[in-house]
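Heads up, the thing below is written out as C-alpha cells.
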Amino acid sequence: MNAAEHAINIGELSLALGGRQILRGISLLVAPGERVALIGRNGAGKSSLLRVISAMIRANGGHVQVLGKKFGPGLPPAELRDLRADVGQVFQGLHLVNRLTALENVLMGCLGRERSLRTLLRLYPDPEIRLAQGILASVHMAHHAATRVDRLSGGERQKIAIARALMQQPRLLMIDEGTASLDPYAAREIATLIGNLAREHGLTLIAVVHSLPLLPLMADRVVGLKDGTLALDQPVDQLDQNLIESLYR
Amino acid sequence: MTRRGFLALMAGYALLVALCIGTLEREGDLSLGRRPWENLKASAAEMSRPSLVDIWFGNPRLEYRSEDGRVLRVEDRRRVEAQFAGALLEACWTTLRIATLGSLLGALLALPLALATARNLGAPRWLSLPAAFMLNVSRAIHTLVFGLFFVGIIGLGATAGILAIAAHSMGTFGKLYAESIETLDMNSIEAVRAVGASPLQTFFNAAWPGVLPQLVSSSLYVWEFNIRDSTVLGLVGAGGLGLLITEAMALFQWPRLATIFIALISLVALFDAASRRLRQALL
C-alpha cells in the first residue's frame, strides 16, 4: 500500500507540552478499515497522540498525515474543519452538551457538513434528523432521543457520544477510554458495540483501551506506548503477554 | 489559612466592630431617641389600619369642621381611597416599567463587558482591565446617586429612573454574567469544534445552551432586585411608588404608607414567584 493511501501515516512524531516531552519519535501506519487499540500506562502519551491525529494540538516534530491530508502550519481553517468532520471522536469524559437532548447532541455530529445558518438555531434538515434517529436506534438509545443527556446514566451517555461520532459519517473513528468508569457488563457491551460498528461501517478505528480483556472485542491490532515511545505493535491474536506486562511496569 | 491567621482575622474584625460602636457612642449617634417604644407603638397603631380598608369601610360623609363648628368640607372616604388605589396601581405600573427597561438596558450594556472580563475567554488586558473598571464603578455607585445625577441632567420622570437603574445594574449584571461564562464547560465546546463545526456553530450549539439558563436566571434575579430599587428612586423624583412614599411620609399619612407597602410587597412577591418558576424550568 502506498504511504499516502494509509488512513494514518505518522513519522518520527515528537510532542512537548509545558516543557515536558510527551511523545518521542513515534512512527505509525494504519490502513483504512483497520481497528487499532492503543494501550499503555496513564501518562504514556495515548490521549496526546489522539489529539495530534485530530489536529487539536500541533506536534513539535515529524510528520502527520491523516486521511491523505498533511498537517502543517499552512493548513487553512476551512480545510482543517473538513478534516475534523471526517474524524469522529469520543473523548475521555465524553464532553456532551448537557441540558440538550440526546438527539440534539447526536445531530451536532453533522455540523461539519451542514453549514446552513439554521444550524445556529439548532434546526437541521429532515434527512439529517432521520439519520440521527437511525444512529440512535443502532446504539439502542432511540427511546431516549428526547431525554436530556445530563439525566442519562454513564453507559447511556457513552452511547450518545459514540452516536455523535457516527453521525459525522467519519472515515476515521477515535475513541479515548470509551469504556472507562463503566461496570464490567456495560464495558463489554460498549466495547462490542464499538468493534461491530467499526466493522459494519468499514471505519478505521483507533481506541485507547485500559481493560485488556476487551481488546479482542474492539481491535485487530494492538499498539502499546511507554514513556512517549512506541513499545509494542502486534496483532491482537498474537499478543506477547511479557511485552504487555513490561508496558505497565 | 492557618488557625492562628483565622483568629487574628477574627480579632481584627472584633476590633473594627468595637471601634465603630465606640466612636458612634462618643459622638452621641447611637441613641434610639427619647421615646422609641412609644413612637414605635404609635406608628404601628397608625399603620395597622391601611387606608385600603376605607374603600369598603370608610365614612362616606366625613365632615371637616372649623373651630366654631361650621362644616368646611365633606369627604367621601371610600371615593377618595378608591382614587388613591387607582393612583397606586398606576405608580406600580410605572415602577415596573422603570425596573424592566432599566434592567434590559443594563443587561445589554453588561454583556460585552462580561465577555471582556470572563477569565476563561482570555480577552487581552487592554480590553479586560477597562471593562472590569467600568463594572466596578457601576457597582460602587448606588442607584439613588445615579438617580440624583440623571434627574439633574434630564429632569424629573421615569427616563431618569430607567437610566439610573441601568447604570447601577450594569455592574451587577456584568459580574454575574462573567461568573456564568467562567463556569462554561470548555470540554463540550472543544468536542463540538472537533466535529468540524465553524466558530459560530460552536458558539450557538455548545457555548450558548450551556450559559443561557444561568444568564436568564441572573437576569431575573437582578430584575427582581431592581423592582425594589426603583421604588427608592421615586424619592429623588424619578417617578413610581417612591413618589407616593415620599408624599405619604411628608404628610404623616401612615395608613396610606401601609397601603403602599402592601402594594410593593405584593408586586415583589408576584414577580418573585413567577421568576422562581421560570428559573426552575430553565435549570
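The chains referred to below are lettered A, B, ... by the order of the sequence lines, with proteins before strands, and numbering in each begins at 1.
Contact annotation for A:Arg118: neither backbone nor side-chain heavy atoms come within less than 4.5 Å of a heavy atom of chain B. A:Val87 touches chain B through its backbone: at least one of N, CA, C or O sits under 4.5 Å from a heavy atom, while the side chain does not. Residue contact with chain A, scored on non-hydrogen atoms closer than 4.5 Å, involves the backbone and the side chain of B:Asn205 alike. In this structure, chain B has a heavy atom under 4.5 Å from the side chain of A:Arg99, while its backbone stays farther away. Contact of A:Thr119 with chain B is made through backbone and side chain together, with heavy-atom distances under 4.5 Å.
Of the residues considered (A:Leu100, A:Val97, A:Leu120), A:Leu120 shows the highest number of contacts with chain B, using heavy-atom pairs under 4.5 Å.
Under 4.0 Å is where a charged nitrogen must lie from a carboxylate oxygen, and between A:Glu128 and A:Arg113 at least one such pair does. Ionic pairing of B:Arg119 and B:Glu179 is not present here: no N-O contact between side-chain nitrogen and carboxylate oxygen is shorter than 4.0 angstrom. A salt bridge is absent between A:Glu104 and A:Arg164; no separation between the charged side-chain nitrogens and carboxylate oxygens falls under 4.0 Å.
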Passes side chain to side chain donor-acceptor pair (under 3.5 Å), A:Ser116 versus A:Glu114? Steps please. CA-CA 6 Å; A:Ser116 70; A:Glu114 184 54 51; 3.1 Å; yes
Where do A:Leu225 and A:Ile26 land on the side-chain contact (heavy atoms from CB on, under 4.5 Å) test, with the steps shown first? CA-CA 9 Å; A:Leu225 294 186; A:Ile26 302 251; 3.5 Å; yes
